[in-house]
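Here is the structure we will look at.
Atom set for the values below is all heavy atoms of this structure, side chains included, hydrogens, waters and symmetry mates excluded.
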Amino acid sequence: MRSRRKLRFRLIVSFALFGFGLSALFAFAALNIRSRVEDQLVTAALQQDVDQAVEQTHTDPSKPLGSQMMEAWMRSERTIYNMPMSWQNLDTGVHDIYEQGPDGKTRHYKLAVSRKYGLIGFIRYDVTREELGKQQLLFSVISAVFLFGLLSLVLGFWLSRKVLKPVSELARRLRDFRKSGKAEPLAPHFADDEVGELALALDEYSQRLTAMVERDREFNSDVSHELRTPLAVIASTTELLQGSPDLTDKLRERLKRIERASRQATELIEALLLLSRAERRGPTRGETTDVAKVASDVIESQRPQMRDKPLSVDLVVKQPVSVNAPASVLAVALTNLIGNAIKYTLEGSVTVEVGGDRIEVIDTGPGIKPEDAERLFQRGVRGEGAGGSGAGLGLAIVRRLCDLYGWDVSMRPRTDTNGAIASIVFS
């Protein structure tokens, strides 16, 4: 899993690495140039000195050679002196040699050789002291690199805080809008820069989004009002017709079906209106809804779906359960779950159990695959054997209603026999 880093952290690290890398590169270049230039100067000086010593010896052999820093020797090519054998065959030029010094330690020397006028001149220069100076310089440069890296880190902290302060202010104002529920213009509070341009774009987006939400709310309210009126007429008319003394039993049953259908449509409209507004509303006057009573009403309304199927639908109340939600919301959720169980179960039984903190709908239908249990609650997904009717929205609406009220809805296959178990856990 990729870790997420704050923008400020990334800016600080980038600035610190840039400062450290640039200082290290500069230090490396300075040390390298110094070493090369120093080596060239020492080599040229030694070669010049040994050439002058040979010229001096050729002109006036009585003058002394050498100095405090350099040792000089001179010999004839035909005469053997007490010289190291490794020096005898060296050509004219400057050579790096490593020999044991007076203190018994190996020391680094530069040996300049010049062959001229039958003479061979040697000048030996001890560069160990220079190497000690190089080590001290290297330590100083490394310390400077770390010091500049630390300064870059401090500067990165300061700059990141200053640069990102407008972004943090913009985020704070957006959070305040969410708390207050009212969006105010952002652009006037920021300078005419990139952050101000972002604030202006957010203002434009907020205006479009607010206008769209207002249009949706007005549309939902209008549709709800227009649909409730004819449904109220249907409900009142069926109620009046049921009071007629000359109705046959068959006609009276049909009127009850019409009444149940109009009530279900009214409940569905109310639930969809709550979803469109993302508004959680409880029962009026602080009352609670009896889950078993709503389940009983839903079962009776769904019995016509059984037709002539050898199917039984039973309600088992193990323990009374009440929820702080409108009966219409619970009825819509249970209508989908119980209606699906009756629809897909060709024979056997559908049992609705109420107890504890949940309600379960257990059927003996074809069941579901474990991998499809969660997918069935997605919009537009229909179970196997659903036929050609429906758009696969029922369980998606149930999931949204349960999320709105903090309930946990799920579906799983039965393990003892064929069938499925749909449950709503009230939290």
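Side chain of S244 to backbone of L241: a donor-acceptor contact under 3.5 angstrom is found. Although no hydrogens or angles enter the test, the distance criterion places a donor-acceptor pair under 3.5 Å between the side chain of S23 and the main chain of G19.
Q302 is not listed as a side-chain neighbour of V313, based on a closest heavy-atom distance of 4.5 Å or more. Put simply, the side chain of R400 does not reach to within 4.5 Å of the side chain of L404, judged on heavy atoms. Put simply, the side chain of V141 reaches to within 4.5 Å of the side chain of L31, judged on heavy atoms. Side-chain contact between L311 and L346: absent, with no pair of heavy atoms (C-beta onward) separated by less than 4.5 Å. Residues I424 and L337 form a side-chain contact, since some pair of their non-hydrogen atoms from C-beta on lies under 4.5 Å apart. Put simply, the side chain of L155 reaches to within 4.5 Å of the side chain of W158, judged on heavy atoms. Proximity of Y125 to D49: side-chain heavy atoms (C-beta onward) are nowhere separated by under 4.5 Å.
Minimum heavy-atom separation, C402 to V409: SG-CB, 3.8 Å. Closest non-hydrogen pair, L90 versus V113, comes out as O-CG1, 3.8 Å. When all heavy atoms of S301 and V298 are compared, the closest pair comes out as OG-O, 2.7 Å. What you find for T289 and P326 is that their closest heavy atoms are OG1-C, 3.8 Å. Between A112 and Q47, the closest heavy-atom pair is CB-N, 4.3 Å. Minimum heavy-atom separation, A16 to S152: CA-CB, 4.1 Å.
Distance check: D51 CG to T92 OG1 gives 7.5 Å after rounding to the nearest 0.5 Å. Atom CG of L315 and atom CD1 of I359 lie 7.5 Å apart (nearest 0.5 Å). Here the CG-CD1 distance, from L111 to I97, works out to 4.5 Å after rounding to the nearest 0.5 Å. Rounded to the nearest 0.5 angstrom, L147 CG and S140 OG are separated by 12.0 Å. Of the inter-residue distances, the one linking K369 atom NZ with L376 atom CG reads 11.0 Å to the nearest 0.5 angstrom. In this structure, CG on L159 lies 12.5 Å from CZ on R161, to the nearest 0.5 angstrom.
Partners of S236 according to the side-chain contact (heavy atoms from CB on, under 4.5 Å) rule, which considers only residues two or more places apart in sequence or in another chain, do not exist here. Partners of D39 under the salt bridge (Lys or Arg N to Asp or Glu O under 4.0 Å) rule, at least two apart in sequence or in another chain, are K110.
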Atom pairs and distances, side-chain donor-acceptor, residues 361-368, under 3.5 Å, sequence neighbours left out:
| residue | atom | partner | partner atom | Å |
| --- | --- | --- | --- | --- |
| D363 | OD1 | G365 | N | 3.0 |
| D363 | OD1 | A420 | N | 3.0 |
| T364 | OG1 | E347 | O | 3.1 |
| T364 | OG1 | S349 | N | 3.1 |
| T364 | OG1 | S349 | O | 3.4 |

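Between Q207 and D203, the side chains place no donor N or O within less than 3.5 Å of an acceptor N or O (distance only, hydrogens not considered).
Within 6.0 Å of the NZ atom in K165, the count of heavy atoms belonging to other residues, nucleotides or ligands does not exceed 12. Around CG of D416, the count of heavy atoms belonging to other residues, nucleotides or ligands within 6.0 Å exceeds 12. When the shell of 6.0 Å around CZ of R172 is examined, it contains more than 12 heavy atoms from other residues, nucleotides or ligands. When the shell of 6.0 Å around CZ of R254 is examined, it contains 12 or fewer heavy atoms from other residues, nucleotides or ligands. Other residues, nucleotides and ligands place no more than 12 heavy atoms under 6.0 Å from the CD atom of E197.
F426 and W407 have perpendicular rings, their planes meeting at more than 60° on a 0 to 90° scale where under 30° would count as parallel.
In this structure, R375 pairs ionically with D372, as a charged nitrogen and a carboxylate oxygen lie closer than 4.0 Å. A salt bridge between E360 and K318 is absent, with no side-chain N of the basic residue lying under 4.0 Å from a carboxylate O of the acidic one.
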